[in-house]
Amino acid sequence: MFDETSTILAHEDIGGGYRHLVLRSPQVASAVAPGQFVHIKVPSLEQSALRRPFSVFNAEDGVVEVLYKTVGRGTAALGKSQVDDKVQVLGPLGRGFPLACRGKALLVGGGYGVAPLYFLARTLGAEKCILFVGGRTAGDLLALDRFAALGVDVRIATNDGSRGVQGFVTAPLDEEVNRLRAAGEEFEFFTCGPDGLLKAVADRALALGAPGWISADRHMICGVGACYACIQKTVRGNARCCIDGPVFSAKELVW
Amino acid sequence: MVIDTRVNLGGLEMSTPLATASGTFGYGTEYAGAVDYSCLGAITAKGVRLDPWPGNAMPRHVEVPGGLVNAIGLQGPGIDAFLAHHVDEYERLFPGGPKMIVNIWGGTVEEYAEVASRLEAAGRKSIAAIECNVSCPNVKAGGHTFGHDTAVLGRLVAGVRAATRLPLIVKLAPNVGSIAPFAQTCADNGADAISLINTIPAMAIDIEKRVPVLANKTGGLSGRGIHPAAVKLVYDAHRAVKLPVLAMGGVYEARDAVEFMLAGASAVALGSAIFSDPGVVRKVYDGMLEYCSRHGFSAVSDLTGALAD
Ligand SMILES: Cc1cc2nc3c(=O)[nH]c(=O)nc-3n(C[C@H](O)[C@H](O)[C@H](O)COP(=O)(O)OP(=O)(O)OC[C@H]3O[C@@H](n4cnc5c(N)ncnc54)[C@H](O)[C@@H]3O)c2cc1C
Ligand SMILES: Cc1cc2nc3c(=O)[nH]c(=O)nc-3n(C[C@H](O)[C@H](O)[C@H](O)COP(=O)(O)O)c2cc1C
Ligand code: FES
């Protein structure tokens, strides 16, 4: 773990209330694995402000990328930071996705939840992965160009039908699961996104007896396991999302 | 000028005047890599009791102007797992590292005493002092009542004192009419030092939903905003009794730590500031030394109570 003074290389509004933050963070970049996160000190907030946790969207050549949605005062203040500004980045943090996937990797994401799934797809290899991504409308779908450039097979569902099939992302997911089962192929689920989506994927993993890896999202103070603020209930009792997670097995989660 | 950084906190010899505050630094290992341990004279472990304790429901904290309100609720694995797992891990990662102050709590005098005697009996190299928490606002049985009644406090301190020869620090509640009688009670019953302050009882309400933000409804305020209140309590306690004081509450810069020392503290603990910036430990340490050389103090311990009045 490093608390690295990082330089902003790019910071763009990508529409839909999201921003793409690119940081020069060589120490974090070389150590981070898919599903891990960084804890960022927002420069313009007061000294006593807590850090804000964000999944690593990509890490390559000394650079760490983050995709974030502006939802409150921390992300709004972060949005004001500019290229060449310095940011303290604590990371890599947490337990990421296991990388020994047997069979197809079914990646299921919503909103900024696609961020760690991109890093995962790059690491596992595009040919091994199918991304299922859902949103209310086409504007909620993030980083599709990046997944396409990797060569990942992408299946889209939007509630309003403005892109992909109309409805929930679980429809194309179930279709693919049925196809794989009929063909006798193995698969694992990897998901990050809103709680409803996580639960839907976890339920399928348990029902089908397939491994399911769920990235949970809890409000955090320290991000390193020191304060016990970020509790996720598991079959083994109270776990800390920041260090025992954020990725949990569907089998261990208690909803 | 070479400045002597050693301080003595009621028999606890510290190589620097800085410690970490209980509950903000886990069991001492979690911040490895981000905090400069060479600046710390001691670390304080998260509250330990006899048996495992689940803590409060989520949400357990909320950020507020000047700090945060928490109601973690003293989640912990109990003394046996603490010794077997956390102390082992600390000694493995930091052999010869900062000494460990173990913060303890319980529901009865007997429970506190039992934990204290087991800590001593364990004979662990890193465990150098006990801090008795009599002031957690978040758990009804969290020692709160002990910190608000001098007669009850006296029995507790005497009971723990009888159970251990380790340096005994008593962590007092800040929300009392006058700190002096509580500090005096600690002195009269054999405590070696007192620590001040624990979090201040606090509450935040979600006005849109019209519900308390924390599952526990109320919690304790820590961070920047409580510092001036803490300085006053340390000042009052130092003037009331001879016991050394471990001061904490909203230290974010060297000037805050120096202020505590001048008010009468023998050592200073960093808490919530580490959450925002683990590098604060190094910055506060360097800044204290810079202050000492600028003002001609050859030993940090000479700052204690060195007000010009
Ligand atoms: C492991 C992890 C990975 C994450 N990855 C991403 C990501 O890749 N992209 C992204 O846009 N967001 C991500 N989030 C959520 C992000 O941390 C919050 O949106 C952000 O902290 C909101 O801060 P704010 O000050 O703008 O919001 P406010 O609501 O003003 O924040 C108030 C407090 O609540 C906390 N908070 C609010 N919402 C969340 C939330 N959903 N999760 C955790 N804490 C929250 C804040 O950190 C802050 O302490 C992640 C969260 C976690 C735990
Ligand atoms: C998340 C959190 C957990 C805490 N847990 C404990 C604890 O277990 N025992 C205790 O005596 N004090 C506990 N405290 C109080 C701190 O040790 C310290 O007294 C207080 O936070 C004031 O210092 P600060 O403003 O520097 O944080 C806790 C504080 C915080 C913020
Ligand atoms: S945020 Fe502190 S333990 Fe997880």
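- In this structure, chain B has heavy atoms under 4.5 Å from both the backbone and the side chain of Gln47(A).
- When all heavy atoms of Lys46(B) and Tyr228(A) are compared, the pair lying nearest together is CE-CD1, 3.6 Å.
- Proximity to chain A (any heavy atom under 4.5 Å) is restricted, for Ala32(B), to the backbone atoms N, CA, C and O.
- For Ile231(A), the parts sitting under 4.5 Å from any heavy atom of chain B are the backbone and the side chain alike.
- Contact between Ser48(A) and Gly67(B) at its shortest, heavy atoms only, is OG-N, 3.8 Å.
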Inset, instruction - Verify side chain to side chain contact (heavy atoms under 4.5 Å, CB included) between Arg73(A) and Glu63(B), making sure each step is shown before the conclusion. - result: CA-CA 11 Å; Arg73(A) 74 181 195 104; Glu63(B) 185 181 69; 2.9 Å; yes

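- Residues meeting the side-chain hydrogen bond (donor to acceptor under 3.5 Å, both in side chains) test with Glu188(A), sequence neighbours left out: Trp213(A).
- Scanning residues 251-258 of chain B against chain A with a 4.5 Å heavy-atom cutoff picks out Tyr252(B), Glu253(B), ordered by number.
- Between chain B and the options Leu50(A), Leu45(A), Asp3(A), heavy-atom pairs under 4.5 Å are most frequent for Leu50(A).
- Ranked by heavy-atom pairs under 4.5 Å with chain A, the first of Gly66(B), Gly76(B), Gly223(B) is Gly66(B).
- Chain B forms more heavy-atom pairs under 4.5 Å with one residue of Gly237(A), Gly223(A), Cys227(A) than with any other, namely Cys227(A).
- Inspection of non-hydrogen atoms places Phe275(B), Ser276(B), Asp277(B), Pro278(B), Gly279(B) of residues 271-280 of chain B under 4.5 Å from chain A.
- Atoms CZ and NE2, on Arg60(B) and His219(A) in that order, are 14.5 Å from each other to the nearest 0.5 Å.
- At most 12 non-hydrogen atoms from other residues, nucleotides or ligands lie less than 6.0 angstrom from CZ of Phe168(A).
- Under the ring-ring contact (aromatic ring centres under 6.0 Å, His included) criterion, Tyr90(B) pairs with Phe94(B), sequence neighbours left out.
- For CD of Glu290(B), the number of neighbouring non-hydrogen atoms (other residues, nucleotides, ligands) closer than 6.0 Å is greater than 12.
- Taken from CD in Glu30(B) to SG in Cys242(A), the straight-line distance is 9.0 Å, to the nearest 0.5 Å.
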